[in-house]
Amino acid sequence: MRYADRMENLTASEIRELLKVTNRPEIISFAGGLPAAELFPIEEMAAVSTAVLKNQGEQALQYSTTEGVFPLREWIAQRENNRIGTQLTAENILITHGSQQALDLVGKLLINKSDVILCESPTYLSALNVFKTFEGKILEVQTDQEGMIVSDLERLLATTADVKLIYVIPTFQNPSGKTWSLERKQQVLEIANRYDVAIIEDAPYEELRYSGELTPPMFSFPKAENVIRTGSFSKVLCPGLRIGWISADAAVIEKMVLIKQSTDLQSNTFAQMQIFQFLQTNSIDDHIAKLVKTYRLRRDAAISAIETYFPKKTQYTYPEGGLFIWLELPEEINTTELLEMSLKRKVAFVSGESFYAENPKLNTMRLNFSCMDEARIEAGMKILGGLIAEKLAMQK
């Protein structure tokens with residue numbers, strides 16, 4: 001088999017490989033970005049599934065339009081308008097198989113071989129895999145507590161040819177958990193416009209806020225025609241349905257429809273109609289509020305356990321929302337080696353190395369806190385803290 005050259009750039013996702021292990025019930029998992037399965041609205045989904053099949057079965061089991069089921073697109077557009085002050089219609093929305101497919105479609109739309117993509121350091125590892133598929137060159141922009149450091153972004157844009165897009169997760173960033181300031185968003189958009197570079201604003205966690213106040217996304221700013229926004233029902237409803245979306249200028253959506261037609265023709269009709277029926281007969285706000293209440297407790301439990309069991313030199317983020325805490329351990333600790341030890345003790349996490357496009361920090365790690373209860377969070381953190389202490393003792 002003579003594979004395409006692009007296959008040389010692809011490696012297995014560490015998270016997807018870890019999930020093969022963490023599916024075992026005895027594993028305390030801080031690895032994947034999994035929502036809490038016990039909070040899935042199973043009874044409600046059973047009812048809406050029956051209703052869809054009974055009342056619209058022929059349509060639900062049939063092919064549909066590439067753009068997606070119109071009422072769902074219209075609902076998404078209206079919710080965006082109400083939440084973030086946009087003026088979208090269904091023509092600005094394309095339904096995708098999760099926001100991961102949205103990133104893939106953007107890659108097909110924009111990236112030529114050797115085009116440059118700028119991303120946060122660190123950033124979402126599956127986005128890095130998408131950009132590698134299209135043989136783009138990925139460069140890191142340094143970050144601080146407020147987001148991309150604008151001087152570093154401007155330096156790269158001024159000195160690098162063929163920069164095609166900037167990929168960012170400004171709210172509850174994966175993996176760091178950080179949230180950009182409003183001023184930083186404004187500065188980055190202004191710079192991107194000046195250099196005529198597109199922005200992908202990835203927003204799958206935005207409604208899972210536990211503290212702080214929402215600041216508008218770049219997509220809602222004036223002069224944001226170059227911004228493409230992604231969203232998903234995976235984190236606020238259930239990921240198994242694999243329904244996400246792209247919000248963009250209508251002309252951009254038209255181009256993406258052509259690409260999606262050659263990719264999968266359309267997204268799952270039945271799943272879209274299940275979600276829309278759920279939204280009509282249940283309060284999504286009440287459901288999200290239940291998630292937020294549970295996840296806030298789990299975030300606080302994780303932070304408390306880190307402060308109790310981890311070395312005092314440990315640096316960590318305190319996320320206002322989302323699913324992740326990012327840790328930087330003492331420099332002597334290699335978290336890839338630590339992961340091998342912790343899996344033997346039935347605790348999983350993701351080493352930070354995978355989240356860097358260029359210069360990985362080997363003493364970093366990402367912890368997910370959403371899918372374990374508070375007791376298991378404390379038990380797992382205690383084990384991790386003990387293993388870190390063992391490794392530090394071995395270094396002396």
Side-chain angles (χ1 to χ4, degrees), residues 66-68 73 76-77 79-81 83-112 115-120 123-124 126-131 133-134 136 138 141 147-148 153 157 162-174 180 184-186 188-206 216-234 243-264 267:
T66 303
E67 291 88 341
R73 292 161 55 218
I76 292 167
R79 186 169 179 84
E80 292 280 78
N81 294 343
R83 288 188 64 250
I84 63 175
T86 48
Q87 294 182 321
L88 304 179
T89 70
E91 303 307 310
N92 299 110
I93 306 296
L94 173 64
I95 300 296
T96 61
H97 278 119
S99 58
Q100 186 65 33
Q101 188 191 47
L103 296 178
D104 182 72
L105 294 176
V106 172
K108 290 176 178 175
L109 178 73
L110 296 179
I111 301 173
N112 293 316
D115 278 347
V116 176
I117 302 99
L118 303 182
C119 65
E120 296 162 279
T123 194
Y124 176 46
S126 292
L128 295 177
N129 288 340
V130 167
F131 303 144
T133 300
F134 300 107
I138 308 168
V141 181
M148 278 186 168
L153 174 63
L157 286 166
D162 300 320
V163 177
K164 185 61 70 72
L165 63 91
I166 301 168
Y167 171 71
V168 297
I169 314 169
T171 306
F172 318 139
Q173 200 248 14
N174 181 359
W180 291 26
R184 193 63 58 89
K185 293 176 186 178
Q186 293 168 333
V188 168
L189 179 60
E190 187 276 325
I191 292 170
N193 280 331
R194 186 150 33 91
Y195 285 90
D196 193 25
V197 176
I199 295 175
I200 308 175
E201 189 174 31
D202 202 1
Y205 316 104
E206 196 173 78
M218 285 182 282
F219 183 74
S220 69
F221 293 175
K223 300 181 180 179
E225 292 83 1
N226 63 329
V227 180
I228 297 171
R229 176 173 161 88
T230 70
S232 176
F233 287 103
S234 291
I243 298 297
W245 67 87
I246 297 170
S247 303
D249 184 87
V252 174
I253 294 295
E254 286 182 13
K255 296 287 187 185
M256 289 198 176
V257 168
L258 299 178
I259 296 168
K260 187 169 168 63
Q261 286 173 350
S262 66
T263 300
D264 63 359
S267 295

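For the numbers below, each heavy atom of this structure counts, side chains included, while hydrogens, waters and symmetry mates do not.
With rounding to the nearest 0.5 angstrom, the CG atom of L128 is 6.0 Å from the OG1 atom of T123.
You'll find the side chain of R229 stays beyond 4.5 Å of the side chain of S220, heavy atoms only. Taking the side chain as every heavy atom from C-beta outward, F221 and E190 never approach each other to under 4.5 Å. The shortest distance between side-chain heavy atoms of R194 and L157 does not fall below 4.5 Å. A 4.5 Å side-chain heavy-atom check between T230 and T96 finds every atom pair outside the cut-off. In this structure, the side chains of Y167 and V106 stay at 4.5 Å or more apart for every pair of heavy atoms. Contact check for K223 versus L189: no side-chain heavy atoms found under the 4.5 Å cut-off. Looking at I84 and E206, their side chains come closer than 4.5 Å, going by heavy atoms from C-beta outward. Side-chain contact between L88 and F219 is present, with heavy atoms from C-beta onward closer than 4.5 Å.
Just one residue in the list L110, N112, D104 forms a side chain to side chain contact (heavy atoms under 4.5 Å, CB included) with F134, and that residue is D104.
A donor and an acceptor atom, one from each side chain of K108 and T263, are located under 3.5 Å apart. With no hydrogens or angles considered, a side-chain donor-acceptor pair links D264 and Q101 at under 3.5 Å.
Of all non-hydrogen atoms in L109 and M256, the two that sit nearest each other are CD2-CE, 3.6 Å.
Under a 3.5 Å cut-off, the side chain of N226 and the backbone N or O of V197 do form a donor-acceptor pair. Side-chain atoms of R73 do not come within 3.5 Å of backbone N or O of I95 as any donor-acceptor pair. A side-chain donor-acceptor contact under 3.5 Å links N92 to the backbone of A248.
A salt bridge does not link K185 with E201: none of the charged nitrogens is closer than 4.0 Å to a carboxylate oxygen.
Open room surrounds NZ on K255; 12 or fewer heavy atoms of other groups in view lie less than 6.0 Å from it.
Looking at residues two or more places apart in sequence or on another chain, you find a side chain to side chain contact (heavy atoms under 4.5 Å, CB included) between Q261 and T66, V257, L258. Y205 pairs by the ring pair (Phe, Tyr, Trp, His ring centres under 6.0 Å) definition with F324, not counting sequence neighbours. Residues passing the ring pair (Phe, Tyr, Trp, His ring centres under 6.0 Å) test with F233 are W245, sequence neighbours excluded.
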